[in-house]
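Please read the structure below before turning to the comments.
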Amino acid sequence: MRRILITTLATAAMISFAHAQTVTTTETEVFVTAQPTDVLSSNVVGLNVSDAEGTVFGEIKDLIVSDNELAGYIVSVGGFLGIGEKYVIVSPQSVNITYVADDKSWQATMSATKEEIEKAPEFKYVGRWEK
């Protein structure tokens with residue numbers, strides 16, 4: 001009788017330990033498919049940014065990714081031939097990037113004015129972002 005009791009308790013203990021060590025796994029998607037509405041970074045970097053009237057006031061120089069999501073565009077503003085320009089970060093929601101099928105080209109527009117962009121806080125490529 002004692003043997004049966006010890007065997008039963010040992011079996012119950014092993015089952016509970018095995019159950020406690022069961023790992024739940026989740027499937028992580030590794031590969032995705034590009035959608036017709038998706039935009040590549042190579043289509044965005046280098047785009048001139050203009051206001052609604054078509055006045056160009058900057059160029060997208062870089063992208064900021066934070067927590068695996070697009071957090072901002074680095075736009076160069078002001079200056080002439082690279083002299084006197086500064087960089088500002090604009091929200092991706094404030095930039096409208098569209099593809100013009102007739103011209104087979106990309107456009108970037110913002111509702112901000114040139115003056116507002118030039119007054120924006122400056123971003124510098126220093127520290128971990130130094131080029």
Side-chain angles (χ1 to χ4, degrees):
M1 180 71 165
R2 189 175 195 190
R3 268 187 163 166
I4 294 174
L5 183 59
I6 292 173
T7 305
T8 305
L9 289 174
T11 304
M14 286 194 290
I15 290 172
S16 67
F17 289 139
H19 181 66
Q21 293 180 3
T22 302
V23 177
T24 303
T25 59
T26 58
E27 293 292 322
T28 301
E29 191 171 358
V30 176
F31 301 102
V32 296
T33 303
Q35 301 303 311
T37 55
D38 291 346
V39 180
L40 303 176
S41 64
S42 59
N43 298 131
V44 174
V45 174
L47 276 181
N48 286 329
V49 181
S50 61
D51 60 18
E53 287 77 41
T55 304
V56 175
F57 54 77
E59 179 182 338
I60 297 175
K61 295 290 191 174
D62 222 332
L63 309 175
I64 296 178
V65 177
S66 178
D67 295 325
N68 295 322
E69 291 188 19
L70 180 62
Y73 298 114
I74 297 177
V75 177
S76 66
V77 295
F80 181 72
L81 298 175
I83 299 172
E85 75 180 347
K86 75 172 189 174
Y87 300 103
V88 299
I89 301 172
V90 296
S91 163
Q93 291 79 17
S94 68
V95 180
N96 185 25
I97 296 177
T98 55
Y99 180 70
V100 182
D102 294 340
D103 297 338
K104 295 184 180 179
S105 65
W106 292 88
Q107 293 180 344
T109 56
M110 288 183 66
S111 62
T113 65
K114 182 177 181 176
E115 291 76 26
E116 290 172 327
I117 290 290
E118 289 176 348
K119 290 179 183 177
E122 184 174 7
F123 170 79
K124 295 186 180 194
Y125 284 99
V126 295
R128 71 184 294 171
W129 302 297
E130 193 167 355
K131 289 187 172 191

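Basis for what follows: all heavy atoms, side chains included, without hydrogens, waters or symmetry-related copies. Note that the coordinates shown come from a computational prediction; the quantities given were computed from them, not determined experimentally. Numbers here are sequence positions counted from 1.
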So, E53 versus T55: side-chain donor-acceptor pair below 3.5 Å or not?
-> no
Closest non-hydrogen contact found for V32 with E29 is CG1-OE2, 3.8 Å
Transitively linked via ILVMFWY side-chain contacts under 4.5 Å: V44 with F57?
-> yes
Can S91 and Q93 be said to form a side-chain hydrogen bond (donor to acceptor under 3.5 Å, both in side chains), step by step?
-> CA-CA 5 Å; S91 163; Q93 291 79 17; 2.6 Å; yes
Within a strict 4.5 Å, meaning less than it, do heavy atoms of the V49 and I60 side chains meet?
-> yes
Looking at CD1 of I64 and CD1 of I74, how far apart are the two atoms once the value is rounded to the nearest 0.5 Å?
-> 4.0 Å
Pair listing, ring-ring contact (aromatic ring centres under 6.0 Å, His included) test, anchored in residues 93-113, at least two apart | Y99-W106
Over all atoms of both residues, closest heavy-atom pair of S66 and A71 | CB-CB, 3.7 Å
For the student: nearest non-hydrogen atoms of I97 and A108, plus distance = CG1-CB, 4.2 Å
Atom pairs and distances, side-chain donor-acceptor, residues 117-131, under 3.5 Å, sequence neighbours left out:
from: Y125; atom 1: OH; to: D62; atom 2: OD2; distance (Å): 3.1

Transitive ILVMFWY side-chain link Y87 to V90, under 4.5 Å | no
Side-chain contact, heavy-atom cut-off 4.5 Å: Q107 with L47?
-> no
Do the side chains of L70 and I89 join up, straight or via other hydrophobic residues, at under 4.5 Å, putting them in one cluster?
-> no
Search all heavy atoms of G78 against all heavy atoms of E85 and return the closest pair with its distance.
-> O-CB, 3.4 Å
Do V95 and L63 belong together in a cluster built from hydrophobic side chains that touch within less than 4.5 Å?
-> yes
Find out if a path of hydrophobic residues (ILVMFWY) with successive side-chain heavy-atom gaps under 4.5 Å connects V45 to V77.
-> yes
